[in-house]
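Written below as structure tokens is the structure these notes are about.
Sequential numbering from 1 along the given sequence is applied to the chain's residues. Start at 1 and go down the list; that is how both ligands and their atoms are numbered.
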Amino acid sequence: MDKATQEMKKVAEKKGIETAWDRYEKMIPQCGFGELGICCRNCVMGPCRIDPFGEGAKEGICGATADIIAARNLVRMIAAGAASHSDHGRDVAHTLLATSEGKTKGYSIKGKQKLYDLANELNVKTENRKIEEIAHDVAEKCFAEFGQQHGELQFTHRAPVKRQEIWRKNKFTPRGIDREIVEIMHRTHIGVDNDHENLIKQGIRASLGDGWGGSMIATDLSDVIFGIPEPIRSISNLGVLKEDEVNLVVHGHEPTLSDVIVSAATDKELIELAKQYGAKGINLAGICCTANEILMRHGIPLAGNFLQQELAVITGVVDLMLVDVQCVMPALSKLQSCFHTKVISTSPKAKFPGVEHVEFSEEEALPIAKKIVRMAIENYKNRKKELVNIPKEKMELVAGFTSEYVFKMLGGKYRSTYRPLNDAIIAGRIRGVVGIVGCNNPKIKYDWAHITLAKELIKNDVLVVVTGCSAMADAKAGLLVPEAAKEYAGKGLLEICEAVGCPPVLHMGSCVDISRILTTLCNVVSEGGLGEDISDLPVAAAAPEWMSEKAVSIGFYAVASGIYTVLGIPFPILGGKEITEFVTKGLENIVGANFAFESDPIKAAELIIKHLNKKREALKLKPMMYEPPVGAASPVENKNEKRNN
Ligand code: NFS
Ligand code: SF4
């Protein structure tokens, strides 16, 4: 769907370079057992696999059924996803702690008010204390949430009282972030938890420890260190790379590294050095969520989302690609040898064969960042002119929306309140609010499902909020500018967008920032008039092109928070009939929401809009018409699906 991507894929083809799309083609047919979730390697009596259709084995050697195997596999995905987000949060807590002790170079406390608010929430004394002392105690309190063995995670108390009661009654309230992840690993060892529902319930508990724990800590403490984002303009797509400047691309997830790189890349001496090397300046851009972090706070351009990481290198102008953790394809290491690009790994947790490692530490952050920028400058001269192909495409965007900003955004000059947002929903100018999030996946036509779903929803007066790679897809399609409302939004939503001057699709940050969506919904509930719980609200979530284990964890904490969630690619559980039934129907009775699997974004929009209307009806709000469009959006490019059919 994206022209820059099409162009770069052609360049890759011409040069005989493989990308994720080619490797996907080669992988077809993908393993049906894996896709259905019914293969197990949890002990070496196996590997075992269940024959879903024929006369083959219906149980593993230990007697595990398809449902048990699929559930164990799925909750292990949650464990990995929750661990990734939470470890990110832990690293941010570490940065805050070290900064409060004066041990870091390159960080300060920019979000002072947020720190005070957190201190109050966490019972940290603030009177007559230095800001560093308060920051120290807030960091320690957050650290304690990871290892806590009993009790309840602090930030779960942000949820509406009714939601907290549902969690308590079902033993879903996470005791400690790490503890719930460890318990998944224990329960999925051979011969422990053999009840698929009980397994999923522990998955829910761990996922809540992500959404209302690790991810929330990551977001809030990042705001303390780097400041709360505010709406900011920038540009996106591979066209942001520059032929006559040193291009430094950051890729990965954590803001601790990328934020300090922003300081280094704007250092006068280094810019001077770049000029000495014949470049006009230093151009910093980002890929994946680390890009979202520095976009939200500094307006640094987005080079692209997950499936564009290889294409960025193939432009031939990336002098250095700096990676930290998560969603970094190992393919980059081989790819860099075809170009002059230097890929640099920085996290002790994430090394790559053949990739130079410059270990990052918060304690020496700025000097290390400067060293890396210097490496990029020095590599500029090695560019091979004949290999340069920068696509022209770039698009303007506005990002930087937060739950804090909603207070100001719709509240006008005199009031700081969520009232206008709630009133707009009640009056039916806005039908509801939907979060579209998650990755790209070569199984789905690139960016297409994100964009098609977003357009269909805003056309029907649904305010859309986005994060992660979904936000980048919409950015490239021009949906993140106020002018997009005129072109794509329904009448009611257009009125709101014009009154506020905001886009119909609001970029709320990286994937850990989905916690911002949770806090926004809590504020909507407490503002009043829309029920007593998140599950009462006309809201929903979707991940149309998801691929990562983090997305599984996010999906589960969304549903467990009462948010109906539609996935473009089903969980790999369809080989287990009962577990599939449980996550798509049974969960509704327990948490008031469930999952739906729908790969056609137009049909997904239909499911979502009908859900919003159902919630509106239950709240006795103004009814809103909806006529679903006839037919599917276009054939889905999932070759496995064709085979399975
Ligand atoms: Ni989220 Fe962000 Fe993108 Fe998916 Fe990866 S970058 S943390 S996991 S691929 S949306
Ligand atoms: Fe097979 Fe059971 Fe071992 Fe899994 S745990 S590999 S199903 S014997």
- prompt: Just wondering, do R72 and L199 contact through their side chains at under 4.5 Å, heavy atoms?
  reply: yes
query: Testing T520, V462, L457, V465 for side chain to side chain contact (heavy atoms under 4.5 Å, CB included) with V433, which one passes?
result: V465
- prompt: Which protein heavy atom lies closest to atom 8 (S) of ligand 2, and at what distance to 0.1 Å?
  reply: C62 N, 3.3 Å
field: Exceeds 12 heavy-atom contacts within 6.0 angstrom, atom CD of E396
entry: no
Where ligand 2 meets G46 - atom numbers and elements under 4.0 angstrom, heavy-atom basis: 6 (S)
task: Identify, by atom number and element, the atoms of ligand 2 in contact range of C40, meaning under 4.0 Å from any of its heavy atoms.
output: 4 (Fe), 5 (S), 6 (S), 7 (S)
query: Near H357 NE2, under 6.0 Å, is it more than 12 heavy atoms from other residues, nucleotides or ligands?
result: yes
query: Considering only heavy atoms from C-beta outward, does the side chain of N441 approach that of I569 to under 4.5 Å?
result: yes
query: Looking at S548, which atoms of ligand 1 are within less than 4.0 Å of one of its heavy atoms?
result: 8 (S)
message: Taking A20's backbone N and O only, do any of them form a donor-acceptor pair with E310's side chain (distance below 3.5 Å, no angle check)?
response: yes
- prompt: Backbone N or O of R516 within a donor-acceptor pair of the D513 side chain at under 3.5 Å?
  reply: no
- request: Specify the protein heavy atom at minimum distance from atom 1 (Fe) of ligand 2: its residue, its atom name, and the distance to 0.1 Å.
  value: C48 SG, 2.3 Å
message: I need the contact type for C439 against ligand 1. Using non-hydrogen atoms and a strict under-4.0 Å cut-off, is it side chain, backbone, both or neither?
response: both
field: Atom indices of ligand 1, in the order listed, that fall short of 4.0 Å to a heavy atom of F306
entry: 9 (S)
message: Please list, in number order, the atoms of ligand 1 under 4.0 Å from a heavy atom of C511.
response: 1 (Ni), 2 (Fe), 7 (S), 10 (S)
Neighbour count >12 (heavy atoms, 6.0 Å) for atom NZ, K349: yes
message: Can a donor-acceptor pair be found, under 3.5 Å and without considering hydrogens, that links the side chain of D210 to the backbone of A83?
response: no
query: At what distance is the nearest protein heavy atom to atom 3 (Fe) of ligand 2, and which residue and atom is it?
result: C43 SG, 2.4 Å
task: Can you pull out the closest protein heavy atom to atom 6 (S) of ligand 1? Residue, atom name and distance to 0.1 Å, please.
output: H253 NE2, 3.2 Å
statement: Ranking A543, S510, A551, C327 by closest non-hydrogen atom to atom 5 (Fe) of ligand 1, top hit is C327
query: Near K550, which atoms of ligand 1 are under 4.0 Å from a heavy atom of that residue?
result: 5 (Fe), 7 (S), 8 (S)
message: Below a 4.0 angstrom heavy-atom separation, can you tell me which part of Q326, side chain or backbone, both or neither, approaches ligand 1?
response: neither
statement: Numbered in order shown, the ligand 1 atoms found under 4.0 Å of a heavy atom of G438 are 10 (S)
query: Do T346 side-chain atoms and V323 backbone N/O form a donor-acceptor pair below 3.5 Å?
result: yes
- request: Give a yes/no on ligand 1: does M547 have at least one heavy atom closer than 4.0 angstrom to it?
  value: yes
message: Checking contacts here: is it the side chain or the backbone of C289 that comes within 4.0 Å of ligand 1, counting heavy atoms only? Could be both or neither.
response: both
message: I'd like to know if the side chain of S470 and the backbone of T467 have a donor-acceptor N/O pair within less than 3.5 Å.
response: no
- prompt: Which bit of R72 gets closer than 4.0 Å to ligand 2, counting heavy atoms only: side chain, backbone, both or neither?
  reply: side chain
- prompt: Considering only the protein, which heavy-atom contact is closest to atom 3 (Fe) of ligand 1, and what is its distance?
  reply: C469 SG, 2.3 Å
